[in-house]
Amino acid sequence: MNTPWSPSSWRSKPVRYLPDDYPDLAALTRVEAELAKLPPLVTAAETRRLRDALGQVAQGKAFLLQGGDCAESFKEFAADNVRSTFQLLLQMAGVLTFAGGCPVVKVGRIAGQFAKPRSNATETVDGVTLPSYRGDIINGMDFNARERTPDPQRLLRAYHQSAETLQLVRALAREGYADLAQLLGHRPETEGAVRPVDFFTSHEALLLNVEQAMTRVDEATGDWYDTSAHMLWIGERTRQLEGGHVEFMRGIQNPIGLKCGPTMEADDLVRLIDTLNPQGIPGKLTLIGRFGSDQVAECLPRLMAATRRHGSPVVWSIDPMHGNTHKATNGYKTRSVARILAEVMAFLQIAAAEGVHPGGLHLEMTGQDVTECLGGPLDVSEDDLSSRYHTHCDPRLNATQALQLAFRVADGLHTVRAPQAHAA
């Protein structure tokens with residue numbers, strides 16, 4: 001793409017999954033203007049630090065752990081919930097570092113992951129049809145006309161909740177090194193010394209009007225950064241080469257994620273790489289596979305082979321959640337831990353076979369004691385789902401399930417890295 005870019009150039013492109021049924025468009029425009037005047041949530045310097053860290057992942061020297069809620073909510077926002085997820089990510093990172101022998105870049109799906117694309121624009125219950133729930137940043141979950149009507153004031157509420165979440169996360173990160181050091185059996189170099197944990201934020205860049213409002217010029221470099229998060233990703237449903245989401249993302253300097261599902265063709269992937277990271281900057285682009293345990297062996301090898309031939313320094317990560325969703329016999333949307341594990345282990349094996357660094361893990365998970373995914377160390381059954389099923393959208397791994405996965409991945413990474421170390 002050689003056409004000029006600006007934060008608003010996406011508006012001239014076809015755009016999918018943006019709500020077009022706000023009853024008062026003038027009110028929406030006023031809120032967008034207000035967002036554009038609010039302080040940045042993250043800084044360009046922090047974002048460049050993440051890009052540098054992901055550059056180490058692209059070179060096979062580190063591993064990306066990205067995880068958090070499927071969709072953050074207003075109702076469940078509490079310090080304890082943020083803290084439990086942050087601590088779980090640190091515990092998982094400790095396991096991966098200690099057992100897997102690889103430094104870990106920690107990125108949360110947090111402080112901005114509010115919107116969700118939905119397959120159907122409407123939902124019908126008992127003969128009543130209303131707009132689908134699209135995340136708290138757009139409308140409410142309760143099935144009534146008032147809640148399901150998009151409200152632009154929710155954009156401001158999401159911003160302020162993100163700011164509060166970031167404030168807490170930064171405080172936890174300042175304290176977090178001591179906890180991580182204890183987990184790994186280390187002592188600070190100086191008694192009483194505390195170093196902050198590097199912890200970054202991310203979300204899907206779905207609502208481009210919000211992302212545009214949060215995009216600012218960095219005075220130090222003159223480059224554009226989306227200051228709503230350190231890392232943004234393009235979803236499987238919005239990765240059209242000529243679409244608005246790709247147009248927006250090609251112009252910002254943030255690290256970018258790109259979901260790659262079963263319908264992704266190798267030629268299309270190469271074109272997207274050239275569009276989103278034309279300069280081949282290490283750490284700029286993370287490819288996030290999400291195939292399902294039954295399709296990963298068929299789909300992933302040809303895509304990895306294409307990126308290896310292309311030569312661009314991408315990070316390959318795996319999202320084992322979205323391709324393994326099914327409906328339980330009692331009607332609950334759920335995921336099987338066994339299938340999640342199977343896709344992750346296949347990812348590690350395929351990467352080794354293709355000579356590609358298995359660079360990361362992308363999870364929907366929570367530190368809360370939920371029963372949303374089947375199996376795991378406590379063997380959650382379909383009968384257990386109703387006891388603590390709290391998600392506002394998709395089912396999440398709980399702490400014990402996520403830690404089990406971390407141990408399995410650490411073992412897999414150690415196995416993959418051992419021959420490489422021996423060869424070196």
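Donor-acceptor pairing under 3.5 Å is recorded for the side chains of R48 and Y225. No hydrogens or angles considered: nothing links the side chains of S84 and Q368 as a donor-acceptor pair under 3.5 Å. With hydrogens and angles left out, the side-chain atoms of S9 and R250 include no donor and acceptor closer than 3.5 Å. No side-chain N or O of E204 forms a donor-acceptor pair with one of H245 less than 3.5 Å apart. A donor-acceptor contact under 3.5 angstrom links the side chains of T263 and R239, judged on distance only.
Side-chain atoms of Q401 come within 3.5 Å of backbone atoms of N398 as a donor-acceptor pair (strictly under, hydrogens ignored). With hydrogens and angles ignored, the 3.5 Å screen pairs a side-chain donor or acceptor of E46 with a backbone N or O of T43. R237 places no side-chain N or O within donor-acceptor distance of the main-chain N or O of I234, the cut-off being under 3.5 Å. Between the T371 side chain and the R388 main chain, a donor and an acceptor come within less than 3.5 Å of each other. S132 places a side-chain N or O within donor-acceptor distance of the main-chain N or O of N120, the cut-off being under 3.5 Å. The main-chain N or O of L374 is never found under 3.5 Å from a side-chain atom of E382 such that the two would form a donor-acceptor pair. In this structure, D274 contributes its side chain and R271 its backbone to no donor-acceptor pair below 3.5 Å. In this structure, the side chain of R308 does not engage the main chain of G355 through any donor-acceptor pair within 3.5 Å. Counting only distance, with no hydrogens or angles, the side chain of T97 and the backbone of A93 share a donor-acceptor pair below 3.5 Å. Counting only distance, with no hydrogens or angles, the side chain of K106 and the backbone of F86 share no donor-acceptor pair below 3.5 Å.
Atoms CZ and CD1, from R302 and I350 in turn, are 11.0 Å apart once rounded to the nearest 0.5 Å. Going from atom CG of L18 over to atom CZ of R11 covers 8.5 Å, rounded to the nearest 0.5 Å. Separation of atoms CE (M345) and CD1 (I318) is listed at 12.0 Å; rounding is to 0.5 Å. Between the CH2 atom in W10 and the CD atom in E211 there is a gap of 10.0 Å [rounded to 0.5 Å]. With values rounded to the nearest 0.5 angstrom, E265 atom CD is found 9.0 Å from C299 atom SG. Taken from CG in L38 to CD in E34, the straight-line distance is 6.0 Å, to the nearest 0.5 Å.
Taking every heavy atom of both residues into account, A306 and A266 meet most closely at CB-CB, 3.8 Å. Closest approach of L89 and G108 over heavy atoms only: CD1-CA, 4.2 Å. Here the shortest heavy-atom pairing between A115 and I137 reads CB-CG2, 3.7 Å. Closest approach of E76 and R396 over heavy atoms only: OE1-NH1, 4.3 Å. In terms of heavy-atom proximity, D136 sits nearest to F74 at OD2-N, 2.7 Å. Nearest heavy-atom pair across L166 and L41 is CD1-O, 3.3 Å.
With R335 as the partner, the side chain to side chain donor-acceptor pair (under 3.5 Å) test is satisfied by one option alone out of H326, E364, E372: E364. When the options H362, Q113, R109, Q66 are evaluated for a side chain to side chain donor-acceptor pair (under 3.5 Å) with S202, the one that passes is Q66. Of the options V42, T286, T201, a side-chain contact (heavy atoms from CB on, under 4.5 Å) to M231 is made by T286 and by none of the others. K284 pairs with exactly one of V314, V315, I273, N277 by the side-chain contact (heavy atoms from CB on, under 4.5 Å) rule, that one being N277.
For F143 and Y133, the gap between ring centers reaches or exceeds 6.0 Å.
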Give the C-alpha distance, both sets of side-chain angles, the deciding distance and a yes or no for side-chain contact (heavy atoms from CB on, under 4.5 Å) between T391 and V370. CA-CA 9 Å; T391 182; V370 299; over 6 Å; no
**Report entry** Derivation of the salt bridge (Lys or Arg N to Asp or Glu O under 4.0 Å) call for E147 and R154
**Finding:** CA-CA 11 Å; E147 280 287 288; R154 288 176 171 269; 3.8 Å; yes
| task | Check the pair E123, R148 against salt bridge (Lys or Arg N to Asp or Glu O under 4.0 Å), reporting the backbone distance first and the verdict last. | result | CA-CA 10 Å; E123 178 183 0; R148 291 298 177 91; 2.9 Å; yes
Pair R157, Q153 - check side-chain contact (heavy atoms from CB on, under 4.5 Å), show working. CA-CA 7 Å; R157 185 172 177 183; Q153 289 299 314; over 6 Å; no
Quiz prompt | F114 vs I138, side-chain contact (heavy atoms from CB on, under 4.5 Å): CA-CA, chis, key distance, verdict | solution = CA-CA 8 Å; F114 286 98; I138 298 172; over 6 Å; no
Review point. After noting the C-alpha distance and the side-chain angles of F200 and L54, does the key distance pass the side-chain contact (heavy atoms from CB on, under 4.5 Å) rule?
Key: CA-CA 11 Å; F200 303 96; L54 290 174; over 6 Å; no
**Asked** Hey, mind stepping through R49 and D52 against salt bridge (Lys or Arg N to Asp or Glu O under 4.0 Å) and telling me if it holds?
**Response** CA-CA 5 Å; R49 195 162 73 243; D52 291 344; over 6 Å; no
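Atom CD of Q167 has 12 or fewer neighbouring heavy atoms from other residues, nucleotides or ligands inside a 6.0 Å radius. Shown here is F407, whose CZ atom has no more than 12 heavy atoms of other residues, nucleotides or ligands within 6.0 Å. Counted within 6.0 Å of CZ on R118, heavy atoms from surrounding residues, nucleotides or ligands total more than 12; the atom is thus considered enclosed.
Contact check for W5 versus E247: side-chain heavy atoms found under the 4.5 Å cut-off. Looking at D268 and L241, their side chains never come closer than 4.5 Å, going by heavy atoms from C-beta outward. Between K13 and E242 there is a side-chain heavy-atom pair separated by less than 4.5 Å. Side-chain contact between N81 and D69 is absent, with no heavy atoms from C-beta onward closer than 4.5 Å. In this structure, L413 and P358 have side chains that are in contact, with non-hydrogen atoms separated by less than 4.5 Å. Taking the side chain as every heavy atom from C-beta outward, V128 and V125 never approach each other to under 4.5 Å. Looking only at side-chain heavy atoms (C-beta outward), M214 and Y159 come within less than 4.5 Å of each other. By the 4.5 Å heavy-atom criterion applied to side chains, T227 and P39 are not counted as neighbours.
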Please tabulate, one pair per line, all N/O donor-acceptor pairs under 3.5 Å involving side-chain atoms of residues 251-261, not counting sequence neighbours.
residue	atom	partner	partner atom	Å
N254	OD1	D226	N	2.9
N254	ND2	D226	O	2.8
N254	ND2	A229	O	3.0
N254	ND2	H230	O	3.4
K259	NZ	D319	OD2	3.1

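In this structure A53 satisfies the side chain to side chain contact (heavy atoms under 4.5 Å, CB included) test together with V105, sequence neighbours excluded.
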